[in-house]
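See below for the structure under consideration.
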Amino acid sequence: MDLGTDLVNSLMIHLGVTALLLWPAYRLVIRAGLPRRWPLWLALPLLGPVIFLVLLAKTPWPVLPVRPPKMHPRERLKRERAAAQAAASE
């Protein structure tokens with residue numbers, strides 16, 4: 001094999017791995033509240049994933065508000081009734 005074929009094969013493997021990693025990386029930065037363009041670092045051969053991981057590790061992540069708990073509708077109704085009874089008995 002010559003150098004050109006090896007280089008093309010390496011780049012094709014890199015493109016395949018990058019395509020597999022872009023969606024999970026994008027979801028990660030969206031959920032963490034970080035800049036949406038960061039997963040594009042993965043497209044750089046060799047150093048791209050390292051840069052992306054260093055950015056994730058060294059950047060302070062924003063503190064997002066706590067999500068309200070998801071309850072079954074019956075459980076929510078039960079809690080609302082209990083709160084109403086407690087308020088009525090006071």
Side-chain angles (χ1 to χ4, degrees):
M1 294 188 133
D2 63 333
L3 181 63
T5 306
D6 289 342
L7 183 62
V8 170
N9 287 340
S10 298
L11 287 175
M12 293 302 289
I13 291 171
H14 174 71
L15 286 176
V17 171
T18 300
L20 289 174
L21 292 178
L22 274 177
W23 180 249
Y26 182 74
R27 297 282 298 174
L28 176 90
V29 297
I30 293 299
R31 289 184 178 198
L34 298 170
R36 294 179 182 206
R37 64 183 181 274
W38 280 8
L40 294 177
W41 284 107
L42 294 172
L44 287 177
L46 297 176
L47 291 178
V50 174
I51 293 171
F52 179 70
L53 292 174
V54 167
L55 283 172
L56 287 178
K58 295 295 182 179
T59 303
W61 290 23
V63 178
L64 300 176
V66 178
R67 290 184 181 177
K70 290 186 178 181
M71 288 186 273
H72 191 275
R74 280 186 247 152
E75 179 67 25
R76 188 179 65 240
L77 184 60
K78 183 179 171 183
R79 289 186 183 186
E80 287 173 359
R81 287 180 182 163
Q85 285 178 353
S89 66
E90 288 180 354

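Numbers for residues simply follow the sequence, beginning at 1.
Going from atom CD of Glu80 over to atom CD of Glu75 covers 10.5 Å, rounded to the nearest 0.5 Å. Atoms NE2 and CG, from His14 and Leu42 in turn, are 8.0 Å apart once rounded to the nearest 0.5 Å. In this structure, CH2 in Trp38 is found 11.5 Å from CG in Leu53, a value given to the nearest 0.5 Å.
Smallest separation of non-hydrogen atoms from Ala86 and Ser89: O-OG, 3.1 Å. When every heavy atom of Leu56 is checked against every heavy atom of Leu28, the shortest pair comes out as CD1-CD2, 3.4 Å. Counting all heavy atoms, side chain and backbone alike, Arg36 lies closest to Val29 at CA-CG2, 4.3 Å. Contact between Pro62 and Gly33 at its shortest, heavy atoms only, is CG-O, 3.5 Å.
In this structure, Trp41 places its CH2 atom where only 12 or fewer heavy-atom neighbours from other residues, nucleotides or ligands lie under 6.0 Å away. More than 12 heavy atoms of other residues, nucleotides or ligands shown are found within 6.0 angstrom of CG on Leu7.
Follow the hydrophobic side-chain contacts under 4.5 Å out from Val50 and you never reach Leu20; the two are in separate clusters. The hydrophobic cluster containing Val8 does not contain Leu44, counting ILVMFWY residues as joined when their side-chain heavy atoms lie under 4.5 angstrom apart, directly or transitively. Phe52 is not connected to Leu46 by any chain of hydrophobic side-chain contacts under 4.5 Å among Ile, Leu, Val, Met, Phe, Trp and Tyr, and they are in different clusters. Criterion: ILVMFWY side-chain heavy atoms under 4.5 Å apart, direct or through other members. Under it, Ile51 and Leu21 are part of a common hydrophobic cluster. Under the 4.5 Å side-chain heavy-atom criterion for ILVMFWY residues, a single connected hydrophobic cluster contains both Val17 and Leu47.
The shortest side-chain heavy-atom distance between Leu34 and Leu55 does not fall under the 4.5 Å cut-off.
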